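Notes follow once the structure below has been shown.
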Amino acid sequence: MPVVDVAVPVPLKQSFSYLHDTPVATGVRVKVPFGNRTLIGVVIGNIETQTEDTGLTLKSVIEVLDEVPLFDPTLITLANWLAKYYHHPIGEVWSTLMPVRLRKGMPLTDKLDAFTLTEAGQDALEQSLVRGKKQQLCLASLADEPVEEGEIKQRFSPAVIKALSEKALIQTVRIKQEIQTDWASYTLQETTPVASTEQAVAIAGVNQNGTEFRTFLLEGVTGSGKTEVYLQVIAPVLKANRQVLILVPEIGLTPQTVGRFERRFGIKVGVLHSQMSDLARLQVWQQSRRGELGIVIGTRSAIFTPMVRPGMIIVDEEHDESFKQQDGLRYHARDLAVKRAQTENVPLLLGSATPSLESLNNALAKRYTHLQLSERAGGASHTQLKVLDSRDQPLQAGIAPGLLSVMRSHLQQGNQVLVFLNRRGYAPAVLCHHCGQTVDCKSCERPFTYHKSQGRLQCHHCGASKRMPNQCSACHSTSLQTSGLGTEQLEQGLGELFPDIKQVRIDSDAVRGKDALVTRLDEINARKYQLLIGTQILSKGHHFPHVTLVVVLDCDGALFSADFRAPEKFAQLITQLAGRAGRATKPGEMYIQTDNPGHPLLQELIHNGFAHFARHALHERKMANLPPYSAQAVIRAEANAAQQVHTFLQQVKQAFSDHSHQFGGYIAGPLPCLIEKRQGRFRFMLLLQCSQRAALHNWIASTLRQVQSLPLATRVRWSLDIDPVDFS
DNA sequence: AGCACGCCGACT
DNA sequence: GTCGGCGTGCTC
């Protein structure tokens with residue numbers, strides 16, 4: 001009897017074999033018995049007949065769920081690659097790349113449920129019998145034709161739908177989806193703008209490559225018209241009746257972005273993001289798989305969207321950290337895009353104003369084709385960057401007097417001022433406010449990290465720990481202070497310093513609701529507030545034409561963090577932010593307050609811009625043998641008992657060091673995580689590094705078994721993170 | 001991860 | 001005498 005190899009959703013690094021009377025195609029879902037439960041798995045291979053030498057009795061497949069494979073060979077290759085590269089259980093890999101509904105074993109059908117008006121509903125609409133405003137709107141949207149369930153559920157609350165169905169004004173019907181498989185004959189809805197010289201060069205660069213795999217890095221300053229380049233490079237792809245997959249950061253997926261693509265080509269654009277219902281996602285997934293969508297735009301997990309006729313992949317804002325999954329299968333969608341484009345043999349376009357050092361390095365090494373846009377469209381001027389030396393300054397609410405007077409003058413002129421809190425979880429260093437010197441670990445020559453809970457300093461490279469000193473070792477001043485503190489004082493203090501100015505705080509807490517951010521941004525642009533205090537979210541996607549001054553305060557935290565990526569993240573933030581303030585008629589200025597005005601990376605950023613900063617930073621990475629000139633992995637562990645976690649990682653470290661000589665591996669830790677305690681559990685991590693990616697891979701592959709069999713491995717919660725980007 | 005089996009403490 | 005604590009081991 002044929003034997004099928006099934007990837008079952010359990011955290012085990014193997015697949016399981018089942019009997020079935022006929023062979024089952026790879027990529028088909030099956031229902032199988034597993035222990036005393038039944039699970040949905042994916043067939044990943046077939047063994048013709050049962051090999052009698054294995055001593056186990058195989059169970060049989062309960063049900064074959066799909067007539068045809070749901071996944072094409074490319075996605076199967078991708079799944080296998082993921083399991084291997086991230087050392088992750090194959091069954092869990094399949095779970096993450098399947099839409100939730102398919103994971104649950106739900107059937108895939110061409111028909112879908114939709115809402116339509118009943119006769120009573122029709123009357124109610126015509127005679128305006130329904131009093132609820134939302135209910136009225138809902139009825140109106142169904143006036144012409146049935147609308148699919150997913151869409152209605154997204155636009156109206158369950159209460160509205162429930163009320164209308166109870167009054168029998170609406171009902172569900174099954175409709176067959178219209179199938180559009182040919183969009184090559186699309187008509188441009190709007191005229192294609194004439195590309196600038198730089199844009200034209202970039203567009204030609206991509207288009208002349210043909211349809212084969214190649215990675216392009218489009219490095220274009222904010223406002224240089226990257227989207228226009230995307231639009232013009234995908235036009236011929238669509239003309240050839242091929243599909244385009246576009247990945248965007250979580251925050252970047254706005255109706256405006258989607259609308260821009262829809263307006264240009266007049267074709268339906270599939271959208272995928274985390275806030276959609278499972279059903280809506282599945283529908284887009286399926287439409288793409290059947291080749292009914294020319295363009296699919298989505299966030300991180302959209303990289304798993306199947307395409308019958310793939311033509312190109314684009315990753316916008318490729319440096320964005322939201323492309324890295326931070327739990328479970330910790331994949332990086334940008335890296336995966338490279339792998340997928342290669343397997344599909346289609347071009348890949350990575351775009352950013354502030355490319356990741358990884359991508360930039362690949363471009364400089366000619367592995368990627370480097371395309372650059374350095375002019376802002378329409379001749380808009382750049383925001384001027386300035387450094388404000390805060391050494392020895394008496395700070396008020398964390399701000400130096402000189403800067404306060406600059407703020408005052410901008411406010412007096414009726415302009416908006418943005419105070420930016422760089423509140424990201426940087427490992428805080430300790431600096432002398434008199435001379436700017438950091439407190440360093442003697443053996444590593446790197447700043448110590450301040451751990452608030454213990455009130456001690458810890459070196460994140462060798463693990464050395466010492467108590468907080470009283471004096472600066474360089475100038476003996478007693479004004480040592482930890483970086484990144486004082487944001488709370490700032491929020492209060494600004495109110496006291498500028499009592500007559502209307503201020504608003506924008507961070508992820510303050511704009512929790514669905515439309516809260518949009519509302520707040522509209523208010524800002526309507527000049528309802530004059531002083532804006534904000535965090536990360538302000539650096540992404542929004543424009544502030546009335547802001548003429550941007551103040552960045554806790555810069556030193558980023559420059560001296562134990563996280564070697566902190567300066568890069570900071571520079572990206574600054575650059576993105578600078579691109580969002582002011583406009584042609586009202587050029588902006590930006591002040592960065594620091595105790596280290598002479599810091600080489602900061603100087604490079606201020607005077608020569610991100611591109612130069614990045615090249616300088618790359619050079620430093622090379623000198624320090626840090627990524628992308630080496631490869632890293634992190635093992636994180638957490639448990640209720642700190643001792644247990646520590647012991648476990650100590651044993652893991654031992655296991656790795658037993659093998660390290662073969663691979664030239666370096667181990668740091670166990671170190672307490674920056675957020676040492678989360679949900680009552682203590683968290684520690686172990687850093688693994690090799691100069692070669694392959695060596696790191698083999699090192700982990702040959703040690704992981706041993707780690708998994710440690711008795712403590714089942715007592716603590718632990719995870720492996722390949723190519724970590726966040727060390728918190 | 002689930003889920004069962006298994007062996008020690010306080011309850012109807 | 002049993003209900004239930006969570007340690008240990010297995011899942012084709």
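Note that the structure is a prediction, hence the values are computed from the model and not measured. Chain letters run A, B, ... following the sequence lines, proteins first and then strands; every chain starts at 1.
- Atom-to-atom, CG of A:Asn46 to P of C:dC12 comes out at 19 Å; the value is rounded to the nearest Å.
- Checked against a 6.0 Å centroid threshold, the rings of A:Phe71 and A:Trp94 count as neighbours.
- Taking every heavy atom of both residues into account, A:Tyr86 and A:Ile722 meet most closely at CD2-CB, 3.7 Å.
- A salt bridge does not link A:Asp335 to A:Lys324: none of the charged nitrogens lies less than 4.0 Å from a carboxylate oxygen.
- A:Ser356 and A:Glu318 make their closest contact through N-OE2, 2.7 Å (heavy atoms, listed as atom of the first residue, atom of the second, distance).
- Between A:Tyr666 and A:Phe656, the ring center distance fails the sub-6.0 Å criterion.
- Across all their heavy atoms, A:Gln708 and A:Trp718 have their closest contact at CG-CZ2, 4.0 Å.
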Show the atom names and distances, to 0.1 Å, of all donor-acceptor pairs under 3.5 Å that link a side chain in residues 23-39 of chain A to residues at least two apart or in another chain.
from	atom 1	to	atom 2	distance (Å)
A:Arg29	NE	A:Asp66	OD1	3.4
A:Arg29	NE	A:Asp66	OD2	3.0
A:Arg29	NH1	A:Leu102	O	2.8
A:Arg29	NH1	A:Met106	O	3.0
A:Arg29	NH2	A:Asp66	OD1	2.9
A:Arg29	NH2	A:Met106	O	3.0

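- On the nucleic acid side, DNA chain B has its first and last nucleotide under 4.0 Å of a heavy atom of chain A at B:dA1 to B:dA4, going 5' to 3'.
- A donor-acceptor contact under 3.5 angstrom links the side chains of A:Asp5 and A:Ser15, judged on distance only.
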Report, one pair per line, the protein and nucleotides 5-11 of chain C atoms (nitrogen or oxygen only) whose separation is under 3.5 Å.
from	atom 1	to	atom 2	distance (Å)
C:dT11	O3'	A:Gly35	N	3.1

